[in-house]
Colleague: 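Starting off with a structure, shown below.
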Amino acid sequence: MSDETRPDRYTLRPEPDDRARRFLIDYKEELNPSQYEAAVTHKGPLLVLAGAGSGKTRTLVFRVARMVEEGIDPASILLLTFTRRAAEEMLQRVEALLGSRCDRVTGGTFHSFANTILRRYAQLLGFANAFTILDRSDSEDVINLIRSRMGLDKKALRFPRKQTILEILSLAANKTCGVAAVLNEQFPHLLDELDELGQIADYYRDYKRERSLLDYDDLLSYLRELLRGHPELAERLSHTFRYIMVDEYQDTNRLQADIVRLLAHSHDNVMAVGDDAQSIYSFRGATVRNIFEFPDLFPGTKVIKLEENYRSTQPILDLSNEIILQAKESYTKNLFTRREAGIRPVLVEADSERYQSRFVGQKILELHESGVPLPEIAVLFRSSFHSFDLEIELGRRNLQFVKRGGFKFIETTHIKDVLAHLRIIANPQDAVSWYRVLLLLNGVGAKSSERILAHVLDAPDPFQGLAAYRGRGAVNTALKSLAEALQQARDEGLKPAEQLEVIVRYYEPILKHRHHDDYPKRQKDLEHFTIITERYRSLDRMLSDMALEPPTSSVDNVLATDGEDEGLLTLSTIHSAKGLEWNSVFIIWAVEGRFPSLYNKDDDELEEERRLMYVAATRAKENLFISYPINIYDRATGMLLNRPSRFLDGIPRRILTPVMLMEDDDE
DNA sequence: GTCACTGATCACATT
DNA sequence: GATCAGTGAC
């Protein structure tokens, strides 16, 4: 529908001050003029360029509240965020303002939203509704299988590894371009393999389709396909969700933009919020261009900038501005604050990683003693493994922490193993899980599992098929006990946690055999995992959640599950720190080779690393410490890391104060 | 032909 | 810690 033909009956009421009283909340009092403007503009496309700490979340919260107060049905509001947590937090804050009226707002990530819609309409695309979601390592397993079936692993010249193949296919999906374009742009050295990669892509797509498997990208791709191919459904959904808000728009990709465009097709009521200076997810196909092209996608877009920073003191902002000022491209905003006074950020050079860790540990204790609560302190780093040494140091000082980012609990082999059994129960056609489960059996390798699987999937009831299969000797007994366990766990009357217990009981001997060294630790993990699953009533729901929004804590932190971070210090990758803030922030490993990482060499990648440093610095409210160890030998590359991060080059001492570490031998 | 085990090699960020 | 190639055992 063009702009002309669309009836636009909405008129913004004039608002003399006395009229404002009809609202419970005094929006003008609560928000600055730009924020207010954003909160009361409900019709038509709106782009909010919100700088770091500019009260973006607050604006979104008040905007939802305002809509509900104006009588807009909460069920017609869709809030798409980067993590489920972000959505939950916002909706809780709205609830605090208005009570439970707003609990019918739909909120979540693009992926979880796609999952919800596809569970309902997947059959329109020829999928079973009980599809299984493949996480990254599942997808890699499939790629591996295909690669060996196509005989590409035996090729004389080396063929790319499964991670690389998947990365290429994933980028092609997210940027909605062909494999050839991805190769041209990012993997020119693999252009010779274009044909084979294309074949793998086709094979992979068909393989998943036949078995009702969807990877992360499929959730989005098929949602788009659904909307494009079924206009009447698109119309209906568009009508259901008449007010759409997309947070962190700078980290969305072309595919997501397409979805937003289609969803809003009948009304154009879309608010995109983001900050071009904080775009840090290009590895997921996100491009900062997306946010700039929003007005092209939605002609007539109103643009609002939020430039006042309420988070950080002036000295912290000075440093942040300095970091981003040196970027090659320039950004749209200039942040300012009224929090003039404050402590200057500090740059600490340490002789070794140990000294860096000791400095951080000691400083954290000092801050804590001077009254900063531990949950108000965070240590940020480029890569998850950068904190290993510090974790030991913190343990020594009895400082407990939650770690965000990095390997997740849910991704460990033993958890994935038991989940695979449950996934078979939920989707008996799930060949990926069948493989995983069969390969666990002693005497069953790649070949026999293919044979067994062919037999199993051919049977009208795969479980009967398994029970009927005749293997040789020990293999046969193993298969029988697997069949038995699956039958038992399949009982409709069981809750997910109980089903899991059946599987764990069956799996324990396998675990013992395969991981005899750290068997007890892994067994504890499994126990803990059953506790996590107790809140679920539906197996499908639980499995989707585990794939899309798994418990956030990383491996060793399960005990502080999803840690409402009570009393705990935070360790986090910068990526996982997006949108968060702390009174005091440490950025460690600010050294060339680690940050920026050695793997990112071209200009665009380096620009993104710079934005990453900017994101890190702008997390701090009052205290910011940047540190780097010097003269570190990097074994992986054989390089000596001996220069501070280029992003700190040339920053005047009055903005970033270098500090010497003094030895006070306490050991 | 098939599988299990050993030791060398390499490791960025995430829905 | 996970993965891969190589090797010996059945």
Side-chain angles (χ1 to χ4, degrees), chain A residues 80-86 108-115 133-137 139-141 144 148 153-154 158 161-163 166-167 170 173-174 214-220 248 251-253 255-256 279-286 380-388 404-408 410-414 416 438-451 472-475 513-515 517-518 522 544-550 552 554-556 572-578 589 593-600 605 608-609 611-612 615-616 634-638:
Chain A
L80 295 169
T81 54
F82 210 69
T83 61
R84 176 179 56 174
R85 239 182 158 182
T109 61
F110 273 91
H111 291 88
S112 67
F113 175 70
N115 179 47
I133 300 169
L134 303 178
D135 70 14
R136 201 179 87 170
S137 75
S139 308
E140 285 173 2
D141 289 347
N144 217 18
S148 59
D153 51 342
K154 301 269 173 353
R158 272 176 58 169
R161 329 152 45 128
K162 57 184 181 182
Q163 290 97 319
L166 187 67
E167 195 185 341
S170 179
N174 282 292
L214 272 71
D215 67 16
Y216 290 134
D217 307 326
D218 291 332
L219 286 170
L220 303 182
E248 308 284 6
D251 287 322
T252 57
N253 54 44
L255 179 50
Q256 289 165 314
S279 164
I280 55 175
Y281 275 85
S282 65
F283 60 89
R284 254 166 69 176
L380 307 181
F381 30 84
R382 175 67 181 84
S383 307
S384 186
F385 72 93
H386 294 167
S387 69
F388 288 168
R404 310 168 57 97
F407 274 121
K408 291 198 199 81
I410 205 80
E411 289 164 349
T412 52
T413 347
H414 45 299
K416 293 212 63 165
L438 291 171
L439 283 171
L440 288 171
L441 305 177
N442 240 326
V444 179
K447 293 287 170 190
S448 357
S449 60
E450 290 239 30
R451 265 199 308 273
R472 265 184 288 175
V475 171
H513 176 249
R514 295 172 70 94
H515 303 277
D517 299 343
D518 56 354
R522 291 172 191 259
S544 303
D545 263 22
M546 290 304 152
L548 294 176
E549 345 234 14
T552 48
S554 21
V555 184
D556 288 324
S572 176
T573 59
I574 298 167
H575 283 93
S576 298
K578 191 164 84 153
W589 278 109
R594 289 283 158 88
F595 193 0
S597 143
L598 275 170
Y599 304 94
N600 289 335
E605 289 167 338
E608 179 150 321
E609 297 267 323
R611 293 192 294 269
L612 209 45
V615 170
D634 186 66
R635 272 177 60 213
T637 56

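Naming convention: chains lettered A, B, ... in sequence-line order (proteins, then strands); numbering from 1 in each chain. Hydrogens, waters and symmetry mates are skipped; everything else that's a heavy atom, side chains included, is used.
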Colleague: On the 0 to 90° scale, with breaks at 30° and 60°, tag the H386(A)-W589(A) ring pair as parallel, tilted or perpendicular.
Modeller: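 The rings of H386(A) and W589(A) sit tilted, inter-plane angle from 30° to 60°.
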Colleague: Any protein N or O atoms within reach of nucleotides 4-6 of chain B? Criterion: under 3.5 Å, listing atom names and distances.
Modeller:
{"from": "dA4(B)", "atom 1": "OP1", "to": "N442(A)", "atom 2": "OD1", "distance (Å)": "3.2"}
{"from": "dA4(B)", "atom 1": "OP1", "to": "G443(A)", "atom 2": "N", "distance (Å)": "2.4"}

Colleague: According to a strict under-4.0 Å criterion, is T413(A) in side-chain N/O contact with OP1 or OP2 of dA2(C)?
Modeller: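 So the side chain of T413(A) is within the cut-off, an N or O lying under 4.0 Å from OP1 or OP2 of dA2(C).
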Colleague: Write out a two-atom table: protein N or O, nucleotide N or O from nucleotides 12-15 of chain B, distance below 3.5 Å.
Modeller:
{"from": "dC12(B)", "atom 1": "OP2", "to": "Y599(A)", "atom 2": "OH", "distance (Å)": "2.9"}
{"from": "dC12(B)", "atom 1": "O2", "to": "R382(A)", "atom 2": "NH1", "distance (Å)": "2.9"}
{"from": "dC12(B)", "atom 1": "O2", "to": "R382(A)", "atom 2": "NH2", "distance (Å)": "2.5"}
{"from": "dC12(B)", "atom 1": "N4", "to": "N600(A)", "atom 2": "OD1", "distance (Å)": "3.0"}
{"from": "dA13(B)", "atom 1": "OP1", "to": "S384(A)", "atom 2": "N", "distance (Å)": "3.2"}
{"from": "dT14(B)", "atom 1": "OP1", "to": "S576(A)", "atom 2": "OG", "distance (Å)": "2.9"}
{"from": "dT14(B)", "atom 1": "O4", "to": "R136(A)", "atom 2": "NH1", "distance (Å)": "2.6"}
{"from": "dT15(B)", "atom 1": "OP2", "to": "K408(A)", "atom 2": "NZ", "distance (Å)": "3.0"}
{"from": "dT15(B)", "atom 1": "O4'", "to": "R284(A)", "atom 2": "NH1", "distance (Å)": "3.2"}
{"from": "dT15(B)", "atom 1": "O2", "to": "H111(A)", "atom 2": "NE2", "distance (Å)": "3.1"}

Colleague: What does the 5'-to-3' dot-bracket notation of DNA chain B look like when only Watson-Crick and G-U wobble pairs under 3.5 Å count, and pairs to other strands show as |?
Modeller: ||||||||||.....
Colleague: Any carboxylate oxygen within less than 4.0 angstrom of a Lys/Arg side-chain nitrogen, looking at D545(A) and R84(A)?
Modeller: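 Yes, this pair counts.
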Colleague: Please determine whether a side-chain nitrogen of the Lys or Arg among R611(A) and E608(A) lies less than 4.0 Å from a carboxylate oxygen of the Asp or Glu.
Modeller: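 Salt bridge between R611(A) and E608(A), a charged N being under 4.0 Å from a carboxylate O: yes.
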Colleague: Where do D217(A) and N174(A) come nearest, in terms of heavy atoms and distance?
Modeller: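 Looks like OD1-ND2, 3.0 Å.
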Colleague: If the threshold is 4.0 Å, N to carboxylate O, is there a salt bridge linking R382(A) and E609(A)?
Modeller: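 E609(A) and R382(A): salt-bridged.
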Colleague: Can you list everything that forms a salt bridge (charged side-chain N to carboxylate O under 4.0 Å, His left out) with D215(A)? Sequence neighbours excluded, please.
Modeller: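 Result, salt bridge (charged side-chain N to carboxylate O under 4.0 Å, His left out) vs D215(A): K208(A).
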Colleague: Going from CG on L548(A) to OG on S112(A), what distance comes out if it is rounded to the nearest 0.5 angstrom?
Modeller: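 Nearest 0.5 Å value for the CG-OG distance: 6.5 Å.
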Colleague: For Q163(A) and dC10(B), what is the distance between atoms CD and C1' respectively, to the nearest whole Å?
Modeller: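 Result: 11 Å.
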Colleague: For D141(A), check salt bridge (charged side-chain N to carboxylate O under 4.0 Å, His left out) against everything at least two apart and list the hits.
Modeller: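 Partners of D141(A) under the salt bridge (charged side-chain N to carboxylate O under 4.0 Å, His left out) test: none.
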Colleague: Who passes ring pair (Phe, Tyr, Trp, His ring centres under 6.0 Å) against F82(A), sequence neighbours left out?
Modeller: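 Ring pair (Phe, Tyr, Trp, His ring centres under 6.0 Å) list for F82(A), sorted by chain: Y281(A).
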Colleague: Rounded to the nearest Å, what distance is computed from the CD atom of residue E140(A) to the C1' atom of nucleotide dA2(C)?
Modeller: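 In whole Å, dA2(C) C1' lies 11 Å from E140(A) CD.
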Colleague: State whether the side chain of N253(A) and the backbone N or O of R284(A) hold a donor-acceptor pair below 3.5 Å, judged by distance alone.
Modeller: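 Here the side-chain-to-backbone pair exists.
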